[in-house]
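Since we're looking at a predicted model, the values are computed, not measured. Letters A, B, ... are given to chains in the order of the sequence lines, protein chains preceding strands, and every chain is numbered from 1.
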Number of protein chains: 2
Amino acid sequence: MTTSEGGRTGRRPGPGTSRDAILAAARDQFTQHGFKGATLRAIAGRAGVDPGLIRHFFGDKEGLFTASMEMPPEAPAAVLGVFAEPVDEWGERLTRAYLSLWEDPDTAGPLRATVVSAFANDQALDRLRLFIVSTVLEQARPHLPADEPDLRLATAMTHIIGIALGRYLLKAPPLVAADLDVLVALVGPTVQRYLTGPLPGGAAEDPDGDNDCK
Amino acid sequence: MTTSEGGRTGRRPGPGTSRDAILAAARDQFTQHGFKGATLRAIAGRAGVDPGLIRHFFGDKEGLFTASMEMPPEAPAAVLGVFAEPVDEWGERLTRAYLSLWEDPDTAGPLRATVVSAFANDQALDRLRLFIVSTVLEQARPHLPADEPDLRLATAMTHIIGIALGRYLLKAPPLVAADLDVLVALVGPTVQRYLTGPLPGGAAEDPDGDNDCK
DNA sequence: CCTTGACTTCCACAAACGTAGAGTTCTACA
DNA sequence: TGTAGAACTCTACGTTTGTGGAAGTCAAGG
């Protein structure tokens, strides 16, 4: 975002805006071309900055990468906080909380970078799985029905993530056109059903939810 | 002229085991490191072949890439064929047909490569969206309820794809551990509900009333 | 035999990459 | 006002990459 000064070297006048410009450009390039595909020169070019500056701020290409995936700590907390609410409201709340992360420009960038890189890099994928499995699952399991709590949360989360991918990454027209509230009203009940509803194959009309079918 | 090959002489395209080895290695490397991240030398090394052979068979790195994403034509037909079945059976059939594509080693490779590259490459993403939107949507829309048919199919497809990503790419333990039949029984009804069930907020009446949470 | 064309390998090159360090200019603080 | 250090640019090096062509090998037909 910084204008390129012609020929001049040394520190630019005014407050340093370059760091943020580099981060924005990095997220853009990493999500568009992957880790190896994105070049430091292209990122610097987009940011209107000398490539050497990247090394100054982030040391490494991997340093830049991890920095570009960091998101404000209140972001995951917003999703995790849903688990403190009554369990019968999780469906809509969870859906709305997660999709809101993708709506907010501040968190959408890192989120995008995280997901995309997870699909193109085994290490990043391991990190993502670890976060979902351990953090999310551990937080939610105590409040879920005894039969197959892991499978319940996995299908629910997968569903929400799938919607997010379709709307914000694949940009499927029907999902993009839909209003966020419509989407939440549509998906929320399904998520709720996965979380606390009866499971097929077992005693479906069991009101206690106390069945041990597998 | 004894053969139907015309009057051509010389060595015929042999049983060439190298070509297939290259394709397998290419799919492996492309899905693991992305298009730019995968190197022709690494692919050739994995295939136990000289890098020059790749150029001989596929000409280009992009030629190799597109070739590695081609899948047997009967694969998409298996999914599209579901639309010829009664609409009230689409839920389970669609789910099973698509997930089966990921179970079959012959189609899982290209499918994996397609999806992964779509997330790391804008062109591939456009291709995938075009296929889903135009081919799948056009085929299914005539049989769907009049209210929001596109949104119905979009949520349904997104859900199935999300499950596939969680099970076969992210490898979320609960989804991996679950039997395919269990997964179909769990997800199928949800998909069916998206396709033909009532929409929240809308005034649509549900004639067959299969709103049972079974 | 010999010819032919597909298969396979080796060597080489130009471009682009990440990294490195030295040098230049501006801000912050005493 | 002066100085330390952060911000910033320039030039350069070593490596790796995709690509190209020349040359050798092997099976099949004349």
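Side-chain contact annotation: B:T196 with B:Q192, donor-acceptor N/O pair under 3.5 Å present.
A:R41 is linked by a side-chain hydrogen bond (donor to acceptor under 3.5 Å, both in side chains) to nothing, counting only residues two or more places apart in sequence or in another chain. Residues satisfying the ring pair (Phe, Tyr, Trp, His ring centres under 6.0 Å) criterion with B:F35, sequence neighbours excluded, are B:F30, B:F65. Annotation: salt bridge (Lys or Arg N to Asp or Glu O under 4.0 Å) contacts of B:R93 (sequence neighbours excluded): B:E85, B:E89. Annotation: ring pair (Phe, Tyr, Trp, His ring centres under 6.0 Å) contacts of A:F83 (sequence neighbours excluded): A:W90. Applying the salt bridge (Lys or Arg N to Asp or Glu O under 4.0 Å) criterion to A:E92, with sequence neighbours excluded, gives no partner residue. Taking the side-chain hydrogen bond (donor to acceptor under 3.5 Å, both in side chains) definition, one finds that A:D88 meets it with nothing, sequence neighbours left out.
Taking five base pairs at each end of the helix from C:dT3-D:dA28 to C:dA30-D:dT1 and finding the rotation axis that steps the C1' atoms of four pairs onto the next four gives two axes whose angle is 10°, to the nearest 10°.
Within residues 46-56 of chain B, the residues approaching DNA chain D are B:R55, by heavy-atom distance under 4.0 Å. Across residues 60-68 of chain B, not one residue has a non-hydrogen atom less than 4.0 Å from an atom of DNA chain C.
What separates CD of A:Q29 from C1' of C:dC17 is a distance of 15 Å, to the nearest Å. Between the NE2 atom of B:H33 and the P atom of D:dT16 there is a distance of 15 Å, given to the nearest Å. Atom pair A:L40:CG and D:dT9:P shows a separation of 15 Å (rounding to whole Å applied). Regarding A:K36, its NZ atom lies at a distance of 8 Å from the P atom of D:dT17, rounded to whole Å.
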Got a list of protein N/O to nucleotides 12-16 of chain C N/O distances below 3.5 Å?
none

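The side chain to side chain donor-acceptor pair (under 3.5 Å) pairs that include a residue from residues 63-78 of chain A number zero, where partners must be two or more places apart or lie in different chains.
At least one side-chain heavy atom of A:R152 sits under 4.5 Å from a side-chain heavy atom of A:D147.
Residue B:A38 is in sugar-phosphate contact alone, with no base atom involved, counting any heavy-atom pair closer than 4.0 Å across all strands shown.
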**OP:** Starting from the C-alpha separation in whole Å, work towards a yes-or-no answer on side-chain contact (heavy atoms from CB on, under 4.5 Å) for A:R193 and B:T190.
**Re:** CA-CA 9 Å; A:R193 196 154 24 224; B:T190 301; 5.5 Å; no
Listing, residues 163-176 of chain B side-chain donor-acceptor contacts under 3.5 Å, not counting sequence neighbours, or none:
from: B:R167; atom 1: NE; to: B:E103; atom 2: OE2; distance (Å): 3.4
from: B:R167; atom 1: NH1; to: B:L175; atom 2: O; distance (Å): 2.7
from: B:R167; atom 1: NH1; to: B:A178; atom 2: O; distance (Å): 2.8
from: B:R167; atom 1: NH2; to: B:E103; atom 2: OE2; distance (Å): 2.9
from: B:Y168; atom 1: OH; to: B:E103; atom 2: OE2; distance (Å): 2.5
from: B:K171; atom 1: NZ; to: B:Y168; atom 2: O; distance (Å): 3.3

